[in-house]
Amino acid sequence: MKCAIILAGGKGTRMKSEKPKVMCEVLFVPMIKYVLDAVREAGVKDICVITGYEHEVVEEYLASVDSNIKTALQSPQLGTGHAVMQARDFISSHQNDDILILNGDGPLMDSYTVNKAYNYHKSNNNGITLISAVVDDTHGIGHIKRDKNGTLLRIVEDKDATEDEKKIMEANSGTYWFKGSSLLYAIDNITNDNAQKEYYLTDALEILIHKGENKGAYIAENSEVILGANDRVQLRDLNSIMRRNINNAHMLDGIDIPCTDGVMIGKNVKIGNSTRILPNTIIIGDTEIGENCVIGPNTYIDNGTIGNDVILDNCKVLDSTVEDGVDCGPFVKVRANSVLKKGVHVGNFVEIKNSVVGEGTKSAHLTYIGDSDVGAGVNFGCGTVTCNYDGKNKSRCKIGDGAFIGCNTNLIAPVEVGDKAYIAAGSTITDDIPEDSLSIARAKQVNKEGWVKRKKPYKNQ
Ligand code: UD1
Ligand code: CA
């Protein structure tokens, strides 16, 4: 059986964040989530996460994404070896299994690499297999020291390395496969006998070599998988790589992204064939987009369900459904819990919140539709406002099929507008309107002839 320990106890001082480092985000998702996904994808059943700094925050997040994850608390945090020591019970219960250890701050590690390393680990009957990569920049990482025949000797942390050791470009990823029994032996023998007075997990290699166990390094085919983030600049780099990987995968899948500038698409987003994504568009959460849509420029979608042939031009869509053929924008905000049914047209400066808008309804400009149930084929004149809040309570408006709402109408909720009712421009509607009726709710116009000549209200007149 495969099981895993993820190290997530560190504060991440260099991140200068209130959050524990593993909660810092890549494409709007905490780094540790990617590590968890890779581990699950690799077929790992039992997972123990080591928490420490701000452990409640990490534990709460873990519980929200996967209720089967175990945690072990590390307090205080005395290094990666010390972190693994906190999972002693977990390791004891998996002595005959293979245990994967990963850093919670390495979101690019993938199941492909983990599985390749596992196969190598098993076929060599290794006590420890580390994943390494040849990189251009070894600043702050562990160097893999080998003898002249290439046999592994030990891992030297950059801060403890001599000038010669610093030149070794094979880097430790912080991801390892251990035999359960070997890991147990290693953690019982790791000491803090080094300049930093930390318990280094990397010492496990030397310990197991002395014990006479088989060891090996699986060199990752794609060296980027080993990258982690210790500060905000590295976090930006991880965002760039993740963004490029996801965008490329979509393009190869038939999505049209003519320019990827500012295009950030989350890992769980699904997009249908021939949909076009324009610059400065952020699509995140569990968003699903159909085929032949044009999304962007400057559009933000979080947890949207978007149909086929939809246009979202400069729009924000949050936790809402937009059905086939809807045309929105520019400058439209669709707030949580809204449904725009087929063929709805929403034009500039319109906000929709917690409302259902029926098929083919048009709201072309400057309108607020909040807490409303709107039928099919309704026409909203420019400047219509559903007045859904009286200072204490929110109430709903109901608008029947085919109603015509004149420009600058206020609908004071709760109120019901019947099917095909016709509201005169400038009305403030406080009472229900029966179907097929005209409603005029505004002061009658008065013209006072000759008034200007008599009163002379203008300067220089
Ligand atoms: C570690 C490795 C280094 C490797 C690098 C890859 C050690 C000693 N060094 O260095 O060889 O090249 O990862 O990224 O292992 N953590 C705890 N408790 C602690 C300290 C850390 O849980 O007391 C967690 C952190 O939250 C983090 C992970 O362990 O998720 C790695 O810790 P970090 O301090 O970033 O190690 P590196 O210096 O990067
Ligand atoms: Ca690190």
Side-chain angles (χ1 to χ4, degrees), residues 6-8 10-16 21-22 24 26 31 34-35 38 77 79-81 83-84 100-110 112-114 116-117 120 128-177 190 192-209 215-242 244-245:
I6 301 174
L7 309 186
K11 179 174 181 197
T13 312
R14 289 164 283 178
M15 215 44 104
K16 298 189 179 152
K21 180 165 62 169
V22 298
C24 290
V26 168
M31 288 196 279
Y34 296 95
V35 181
Q77 293 90 43
T80 50
V84 178
L100 172 68
I101 299 186
L102 315 97
N103 286 344
D105 67 348
L108 298 175
M109 182 50 68
D110 59 19
Y112 174 83
T113 308
V114 162
K116 282 277 202 159
Y120 170 74
I128 173 172
T129 300
L130 54 97
I131 297 177
S132 70
V134 179
V135 294
D136 298 332
D137 179 8
T138 53
H139 181 75
I141 52 90
H143 303 262
I144 308 286
K145 198 162 180 185
R146 297 172 182 264
D147 69 13
K148 56 182 184 309
N149 302 318
T151 307
L152 287 177
L153 293 176
R154 58 196 187 94
I155 302 166
V156 187
E157 290 306 297
D158 198 42
K159 53 193 169 212
D160 304 323
T162 62
E163 283 313 306
D164 272 352
E165 287 166 340
K166 279 186 198 289
K167 291 182 190 141
I168 303 172
M169 302 312 275
E170 185 182 0
N172 173 30
S173 66
T175 303
Y176 322 78
W177 278 105
I190 291 175
N192 65 348
D193 192 11
N194 54 54
Q196 317 293 328
K197 290 278 166 255
E198 269 186 37
Y199 295 86
Y200 288 163
L201 177 59
T202 43
D203 287 351
L205 176 62
E206 230 180 336
I207 291 168
L208 293 176
I209 289 174
K215 77 282 177 186
Y218 171 77
I219 302 178
E221 291 167 26
N222 169 10
S223 64
E224 285 175 347
V225 300
I226 81 155
L227 296 176
N230 295 320
D231 59 35
R232 302 276 187 177
V233 175
Q234 290 176 335
L235 196 60
R236 188 274 324 270
D237 291 342
L238 297 190
N239 268 284
S240 301
I241 293 170
M242 189 76 80
R244 182 204 63 200
N245 290 349

I168 and T138, any side-chain heavy atoms less than 4.5 Å apart: no
Minimal non-hydrogen separation, V114 against W177, with atom names: O-NE1, 3.0 Å
Distance-only side-chain donor-acceptor flag, Y199 / D203, under 3.5 Å: no
Rounded distance (nearest 0.5 Å) linking atom CZ of R236 with atom CD1 of I241: 10.0 Å
Flag if over 12 foreign heavy atoms under 6.0 Å of NZ, K197: yes
Heavy-atom check, side chain of L208 versus side chain of K215, under 4.5 Å: no
Flag, side chain of K159 to backbone of G140, donor-acceptor distance under 3.5 Å: no
Side-chain heavy-atom pair N172, I144 within 4.5 angstrom cut-off: yes
Any donor-acceptor pair under 3.5 Å from Y34 side chain to V26 backbone: yes
Shortest non-hydrogen contact from M242 toward P107: CE-O, 3.8 Å
Under 3.5 Å side-chain donor-acceptor pair for Y112 and N222: no
CA sep, side-chain torsions, deciding dist, call: I219, Y120, side-chain contact (heavy atoms from CB on, under 4.5 Å): CA-CA 10 Å; I219 302 178; Y120 170 74; over 6 Å; no
From CA spacing to verdict: side-chain contact (heavy atoms from CB on, under 4.5 Å), E221, K116: CA-CA 10 Å; E221 291 167 26; K116 282 277 202 159; 3.6 Å; yes
Contact summary for E170 and S132, nearest pair of heavy atoms: OE2-OG, 2.6 Å
Value rounded to 0.5 Å, distance of NZ in K21 from CZ in R14: 6.0 Å
No-hydrogen, no-angle side-chain donor-acceptor test under 3.5 Å, D110 and T113: yes
Check: N103 side chain, D105 main-chain N or O, donor-acceptor pair, under 3.5 Å: no
Closest heavy-atom pair and its distance - A161, V156: CA-CG1, 3.6 Å
Gap separating the CD1 atom of I101 from the CG atom of L7, nearest 0.5 angstrom: 6.5 Å
Which atom of L238 lies closest to which atom of A229, heavy atoms considered: CD1-CB, 3.6 Å
Steps toward side-chain contact (heavy atoms from CB on, under 4.5 Å) verdict (Y200, D160): CA-CA 12 Å; Y200 288 163; D160 304 323; 2.8 Å; yes
Give the table of side-chain donor-acceptor pairs shorter than 3.5 Å for residues 147-154, with sequence neighbours excluded, one pair per line with atom names and distance.
from : atom 1 : to   : atom 2 : distance (Å)
D147 : OD1    : N149 : N      : 2.8
D147 : OD1    : G150 : N      : 3.1
D147 : OD1    : T151 : N      : 2.9

Least distance between heavy atoms, E165 atom then K145 atom: OE2-NZ, 2.7 Å
Derivation of the side-chain contact (heavy atoms from CB on, under 4.5 Å) call for D158 and I141: CA-CA 5 Å; D158 198 42; I141 52 90; 5.7 Å; no
Residue pair M109 / I131, side-chain heavy-atom distance below 4.5 Å: yes
